[in-house]
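Worksheet for the structure shown next.
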Amino acid sequence: MTQLITTELVELDQNLGNTPEAVIRHLASKVAAAGRATEVEGLFADAFAREQKTATGIPGGIAIPHCRSAAVTEPTLAMARLNPKVDFGAKDGPADLIFFIAAPDGADQAHLKLLSKLARSLIKKDFTAALRNASSREEIVELVDGALADKPAAHAAAVPADAAAAGAASGAAGASAVAGAGTPAASSGPKRLVAVTACPTGIAHTYMAADSLVAAAQEAGVDLQVETQGSSGAKPLDPAVIAAADAVIFAVDVDVRGKERFAGKPVINAPVKRGIDEPAKMVQEALAAASDPNARRVPHYGAEEQAEQAAAEKGEHIGQKLKRALLTGVSYMIPFVAGGGLLIALGFLLGGYDITDVADTVVVENNFGNLPEGGLAIYLGAVLFKIGALSMGFLVPALAGYIAYAIADRPGIAPGFVAGAVSGFMGAGFLGGIVGGLLAGYMAHLIGTWSVPRWLRGLMPVVIIPLLASIFASGLMFLVLGGPIAGLTAALNSWLSGMTGASAVVLGIILGLMMCFDLGGPVNKVAYAFAVAGLSAGAADNQAPWQIMATVMAAGMVPPLAMALATVLDKKLFSLAERENGKAAWLLGASFISEGAIPFAAADPLRVIPASMLGGALTGALTMAFGVTSQAPHGGIFVFFAIGNVLMFVLSIIAGTIVTALAVVALKRWAAPKTADTVESVPATV
């Protein structure tokens with residue numbers, strides 16, 4: 001295994017600047033100079049982005065900036081002992097010991113475990129004292145290697161005795177955290193606690209918080225078992241340990257995996273960094289919650305709103321809730337539509353448009369030993385078409401089911417799917433699916449708030465809620481709403497099918513504007529869902545739905561492609577991070593991923609969004625004017641085989657891309673001062 005740290009990756013008693021940005025950039029340059037990263041800027045951008053999410057300073061004058069980055073070629077540690085100290089956000093002041101952890105995107109488990117072990121060692125006072133007393137780079141490397149190999153530090157004799165004693169206690173705490181992850185330990189106090197720690201990167205804070213909490217619990221005479229959900233793997237807590245616990249601590253910056261295991265337990269929820277900074281306070285809060293009948297509890301999943309989610313949504317108005325539910329439904333629907341649409345397109349490619357008339361008969365009556373008239377191509381075309389058609393059949397149920405899921409969690413899925421199936425049966429289509437999903441979700445949510453006897457709680461999410469919510473939502477669709485919505489859907493489809501000439505171009509402009517207005521947001525998703533909902537109605541003698549799909553896809557490709565082009569036309573107008581995003585935006589745009597333009601829009605919305613809408617409107621108008629069609633709902637240029645008049649499809653996208661790129665450049669040049677690079681150059685010091 002490659003050595004994680006070498007002498008060339010160590011800086012002793014140097015002035016590396018007075019900000020975390022300067023220090024991180026310098027250490028990133030050392031990693032690259034050692035041949036362990038392909039570029040400085042990409043590594044720095046990833047590490048500094050992580051630092052901006054959560055400061056990496058911890059008590060004791062230590063900071064651990066870290067990241068996963070595609071620029072890193074092998075797991076690496078770079079260390080600096082600073083003079084003067086730099087503030088990395090710790091509550092007790094600036095830091096002088098900096099460990100920069102750089103991991104590749106695909107780091108192996110063995111290396112990740114070593115990196116995690118180093119992070120845990122940094123809360124040991126004897127180890128950090130030895131690092132401060134070290135007189136050479138070789139001594140630092142020896143100390144770090146010893147910590148990773150669990151060897152006594154060769155220079156630990158110079159460490160004060162009280163620090164060594166404290167470090168030994170901390171080390172025992174770390175061992176307890178690992179050993180206690182699966183089995184109950186003997187409890188010296190009346191209370192038992194469990195905890196989960198997790199951070200976005202899963203390398204440092206996850207494990208340091210675990211050790212800090214265990215050490216604090218030992219001092220309080222409390223048995224605490226920790227589950228670390230980090231990059232080097234997680235060993236779930238034994239169900240018996242969870243069942244015996246009086247309260248749970250979630251020190252996390254990401255969602256807890258398997259949260260339903262802790263249902264009903266009093267809970268203390270805080271960022272992972274608090275588990276490092278204030279472990280004793282968190283333990284005392286958990287003990288207090290264990291004795292408080294009114295304390296917040298981990299919900300019985302689907303039966304109650306999560307306490308933290310309820311707090312976050314307290315000020316959310318009805319429009320925001322509807323938007324969130326609709327976007328969730330559309331995002332879960334897209335895989336059904338994307339796969340189904342492409343399979344239908346392949347079926348047409350092999351079997352021709354007439355395959356729709358014979359597909360059912362062919363797939364039932366024929367096989368490889370008994371091919372139909374027309375041979376293998378007709379048989380495979382029929383199979384692909386039928387698989388795609390069945391997949392597309394889930395469009396409305398999936399939309400409705402996951403709208404309900406967004407509102408009521410898992411108990412909303414079944415009534416939502418049923419309401420969506422009823423909508424399809426009634427001919428209410430996409431609009432009926434939205435209405436049915438909302439009805440099912442809100443009814444499931446309402447029933448989930450009912451106060452029921454304890455013996456009935458287990459039946460609520462799996463029987464009672466799905467049953468009553470399905471009766472309510474689907475009953476309304478059958479008895480009251482399905483017919484009118486079906487009539488509205490039929491009228492809308494008839495109107496769209498009859499659009500030709502100038503009216504079709506106007507529709508293309510409107511769809512192009514919608515696709516570029518919020519780049520994957522609700523307006524964009526409404527236009528996209530509108531297109532895919534009608535895709536299955538397309539046919540050789542009714543190509544309007546296919547034209548709408550082509551228009552939506554082409555317009556949605558324009559913003560990321562245009563931003564990529566703009567960063568090439570005038571690099572000085574864009575920050576370093578934006579230029580890096582521009583490289584990725586070429587592929588994202590070609591794949592029809594409008595979200596590739598979001599970093600640019602977030603940084604400069606008043607110029608990027610209007611320019612994107614201008615190019616999107618032009619592309620939408622051109623695709624409609626030239627009758628471009630797409631039988632595939634996604635894939636961009638990579639599904640060229642499913643696009644009719646592919647040359648005009650490409651030319652329309654190119655025209656919109658050029659217009660948007662030139663508009664962005666012009667607006668940035670003359671409508672505002674030039675944007676300077678956000679990354680300062682920091683002179684390297686040796």
Side-chain angles (χ1 to χ4, degrees), residues 4-37 39-67 69 71-72 76-102 118-119 121-123 125 127-144 147 155 158-159 163 204 273 276-277 575-577 676-686:
L4 292 175
I5 187 170
T6 61
T7 54
E8 62 186 332
L9 295 168
V10 178
E11 291 275 23
L12 291 183
D13 306 316
Q14 295 291 326
N15 181 354
L16 302 186
N18 57 5
T19 64
E21 180 179 359
V23 175
I24 292 172
R25 193 176 197 285
H26 181 88
L27 293 177
S29 69
K30 292 193 75 67
V31 173
R36 294 172 176 240
E39 57 169 333
V40 175
E41 306 303 345
L43 175 56
F44 165 76
D46 290 333
F48 192 59
R50 171 65 185 86
E51 187 72 25
Q52 289 177 310
K53 290 180 181 177
T54 308
T56 57
I58 62 174
I62 302 167
I64 315 173
H66 57 279
C67 70
S69 176
V72 179
T76 300
L77 302 174
M79 183 269 185
R81 193 169 68 195
L82 301 180
N83 185 16
K85 299 180 179 181
V86 173
D87 187 358
F88 273 78
K91 289 188 175 182
D92 63 346
D96 62 335
L97 292 181
I98 315 298
F99 270 91
F100 178 46
I101 301 177
L118 171 77
S121 298
L122 289 174
I123 67 170
K125 294 181 180 179
F127 179 60
T128 55
L131 292 173
R132 288 190 171 95
N133 292 333
S135 58
S136 67
R137 297 179 179 183
E138 290 77 12
E139 203 170 323
I140 293 289
V141 172
E142 182 183 349
L143 285 167
V144 173
H155 304 274
V159 182
K273 197 167 184 295
I276 304 171
D277 295 342
S575 69
L576 172 64
D677 279 3
T678 57
V679 180
E680 298 179 3
S681 269
V682 180
T685 55
V686 180

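Quick caveat: nothing in here was measured; it's all calculated off a predicted structure.
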Using the rule given for salt bridge (charged side-chain N to carboxylate O under 4.0 Å, His left out), can you reason through Arg132 versus Asp96, listing the C-alpha separation, both sets of side-chain angles and the distance that settles it, and then say yes or no?
CA-CA 9 Å; Arg132 288 190 171 95; Asp96 62 335; 2.8 Å; yes

[Y] side chain reached by [X] side chain, heavy atoms, under 4.5 Å:
X	Y	answer
Leu131	Phe99	yes
Leu77	Phe100	no
Pro65	Thr56	yes
Leu16	Leu82	yes
Pro20	Ile98	no
Met79	Ile5	yes

Going through the checks in order, is the salt bridge (charged side-chain N to carboxylate O under 4.0 Å, His left out) test met by Arg25 and Glu41?
CA-CA 8 Å; Arg25 193 176 197 285; Glu41 306 303 345; 2.5 Å; yes

First locate atom CZ of Arg36, then atom CG of Leu9, and finally report the distance between them rounded to the nearest 0.5 Å.
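Between Arg36 CZ and Leu9 CG, I get 5.5 Å after rounding to 0.5 Å.
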
Quick one: pull up CZ in Phe88 and CD1 in Ile62 and give me the separation to the nearest 0.5 Å.
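The CD1 atom of Ile62 is 12.5 Å from CZ of Phe88, to the nearest 0.5 Å.
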
Classify the side-chain pair His26/Glu11 by whether it contains a donor and acceptor separated by less than 3.5 Å.
yes

Using only atom types and a distance under 3.5 Å, with no angle test, would you say the side chain of Glu139 pairs donor to acceptor with the backbone of Ser135?
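Such a contact is found between Glu139 side chain and Ser135 backbone.
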
Quick one: closest heavy-atom pair of Ile58 and Asp92, and the distance?
O-OD1, 4.1 Å

